[in-house]
Amino acid sequence: MPTRSETLACAAGLRAMFEAQGAALVEPPILQPADTLLELYGEDIRARAYVTSDALRGEQMLRPDFTVPVVQMHMSEGAEPARYTYAGEVFRRQEHDPSRANEYIQVGYEVFDRADPAAADAEVFALIAEGLKGLPVAPVTGDIGVLMAAVEGLNTTARRKHALMRHIWRPRRFRGLLERFAGRTAVPPSRAALLAGKAPKGGPLVGLRSAAEIDARVAALREDAAAPAISARDVDLIEVLLEVRETMPNALSRLHDLAVDLPSIAPAVARVAAREKALQARGVNTGDLIFEASYGRASMEYYDGFVFGFRAEARPDLPAIASGGRYDALTRQLGQGDEIPAVGGVMRPGLMLQLEGKA
């Protein structure tokens, strides 16, 4: 394994590369307020972060990443446009795979610029690709915004759309909901009894929900059960969309074809096409660049558009050497009414050194 000093030296070089592009250096505190992350991700974040408490400040988390605190900082005091870079430790609990690091150095580059989102996407991707030049890594790209647009265009209730959007980053749960809303799976006996009004009554309340909240939930379930099923055609089209994995020109051709039957995705597909041109302008060979429509859905929860990663070709056991994407919605959530298009990416210098053979 590379030493800490070697990793820090590599991180300093990467950070200097981003500073040379005009990025301002920022250093968010290692201890972050837990309430913001819990509000964004719910209690799931506890399984991935180290949580502690402070008598004056309440629950705190060891920094699980840099993006959220950088967005908070920019939305409260940043000028436009802005570019930031950082380097430091992040902390992730690893309860199921002891071989994965629970503390490592991360270097990042974040761009807040509303002038040309496609150009900003290409800028971040191309700079990170330059920093990885010479390493045995393979890039892959995607765009979660295309799937989001497909969900928004479904002919179904707002409640169902909201449920699907909430679980886009949980592929198995998303597919299960889609199948249920399409009437392809049987209603569990317990839910069928509840919908039929045969659930037991009069027992003591257990848990935090009040009787009124329980009644409202039952009413919502009955309303959902009465809604027409999502058409089999639309479900099949979404499944075809999620299976798109081609070089970018071929993927765009398939996406344009799908947009004929799923017109709601047309604007998102146009953004993918604009990004391809911006990448080409940055010298990226998009003819060999892989586009996966489902990429990023299991690990990039706050991204809502362009996503990318660089994988070690001969080391499938390693996590992504670098990754990133667009998170416009996150700036809206943390901006108290303000928002700005934003995209960023992170690199792992420790893994880069392993691939260079310096371990």
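The shown structure was predicted, so the numbers you read here are calculated from the model rather than taken from an experiment.
L164 places a side-chain heavy atom less than 4.5 Å from the side chain of F181. Looking at heavy atoms from C-beta onward, F291 lies in side-chain contact with V272 at the 4.5 angstrom threshold. Looking at heavy atoms from C-beta onward, P267 lies in side-chain contact with R271 at the 4.5 angstrom threshold. The closest side-chain heavy-atom distance from L351 to P319 is below 4.5 Å. At a threshold of 4.5 Å between non-hydrogen side-chain atoms, the residues F174 and L147 count as touching. Contact of the D113 side chain with the P341 side chain is not registered, since no non-hydrogen atoms from C-beta on lie closer than 4.5 Å. With a 4.5 Å cut-off on side-chain heavy atoms, V284 and E276 do not count as touching. Counting only heavy atoms from C-beta outward, the side chains of L289 and P139 approach each other to under 4.5 Å.
Rounded to the nearest 0.5 angstrom, R180 CZ and L178 CG are separated by 11.0 Å. Annotation: the span from M148 atom CE to I265 atom CD1 amounts to 14.5 Å, rounded to 0.5 Å. Interatomic distance, CZ of R172 versus CG of L177, reported as 13.5 Å (0.5 Å rounding). Distance check: Q333 CD to D328 CG gives 11.5 Å after rounding to the nearest 0.5 Å. Taken from CZ in R245 to CD1 in I290, the straight-line distance is 5.0 Å, to the nearest 0.5 Å. Rounding to the nearest 0.5 Å places CG of L132 at 5.5 Å from CZ of F310.
Partners of F112 under the ring-ring contact (aromatic ring centres under 6.0 Å, His included) rule, at least two apart in sequence or in another chain, are H74, Y84.
With 3.5 Å as the limit, one finds no donor-acceptor pair spanning the side chains of Y295 and D143. Side-chain contact check for Q106 and Y86: no donor-acceptor pair (N or O, by modelled atom type) lies under 3.5 Å. Side-chain contact of Q280 with T286: a donor-acceptor pair under 3.5 Å is present, judged by distance alone. Residues S253 and N250 bring no donor and acceptor atom of their side chains to less than 3.5 Å of each other.
Heavy-atom neighbours of N285 CG from other residues, nucleotides or ligands within 6.0 Å: above the threshold of 12. Atom CZ of R92 has more than 12 heavy atoms from other residues, nucleotides or ligands within 6.0 Å. Around CD of E80, the count of heavy atoms belonging to other residues, nucleotides or ligands within 6.0 Å exceeds 12. For R114, the CZ atom sits in a packed shell: over 12 heavy atoms of surrounding residues, nucleotides or ligands are nearer than 6.0 Å.
R170 places a side-chain N or O within 3.5 Å of a backbone atom of R166 that can act as its donor or acceptor partner. A donor-acceptor contact shorter than 3.5 Å links the side chain of R233 to the backbone of D261. Judged purely by atom type and a 3.5 angstrom limit, S323 has no side-chain atom pairing as donor or acceptor with the backbone of A320. Of the possible polar contacts, none joining the T85 side chain to the E19 backbone as a donor-acceptor pair under 3.5 Å is found. With hydrogens and angles disregarded, a donor-acceptor distance shorter than 3.5 Å links the side chain of T331 to the backbone of I340. In this structure, the side chain of T3 engages the main chain of E6 through a donor-acceptor pair within 3.5 Å. Side-chain atoms of K161 come within 3.5 Å of backbone atoms of L154 as a donor-acceptor pair (strictly under, hydrogens ignored). With R63 contributing its side chain and E89 its backbone, the two residues share a donor-acceptor pair below 3.5 Å.
Of the listed residues (V90, T52, V51, I30), just one forms a side-chain contact (heavy atoms from CB on, under 4.5 Å) with L62, and that residue is I30. When the options Y302, Y327, Y303 are evaluated for a side chain to side chain donor-acceptor pair (under 3.5 Å) with T67, the one that passes is Y302.
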(Q) Test side chain to side chain contact (heavy atoms under 4.5 Å, CB included) on V68 and Q32; report intermediate values, then the result. (A) CA-CA 10 Å; V68 171; Q32 291 288 318; over 6 Å; no

(Q) Pair L241, R254 - check side chain to side chain contact (heavy atoms under 4.5 Å, CB included), show working. (A) CA-CA 9 Å; L241 169 63; R254 292 195 65 189; over 6 Å; no

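If you chain together hydrophobic residues whose side chains sit under 4.5 Å apart, I105 and L353 never meet in one group. Put simply, F91 and L31 are part of the same group of oily side chains (I, L, V, M, F, W, Y) that touch within less than 4.5 Å, one to the next. Put simply, L8 and L355 are part of two different groups of oily side chains (I, L, V, M, F, W, Y) that touch within less than 4.5 Å, one to the next.
Between R311 and E292 there is a salt bridge, since a side-chain N of the basic residue sits under 4.0 Å from a carboxylate O of the acidic one. Salt-bridge formation is detected for the pair R184/D236: a Lys NZ or Arg NE/NH1/NH2 atom is positioned less than 4.0 Å from an Asp or Glu carboxylate oxygen.
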For residues 117-128, which side-chain donor-acceptor pairs fall under 3.5 Å, sequence neighbours excluded?
unit_1, atom_1, unit_2, atom_2, d
D121, OD1, R326, NE, 2.9
D121, OD1, R326, NH2, 2.8
D121, OD2, R275, NE, 2.9
D121, OD2, R275, NH2, 3.4
E123, OE1, R83, NH2, 3.0
E123, OE2, R83, NE, 2.8
E123, OE2, Y109, OH, 2.5

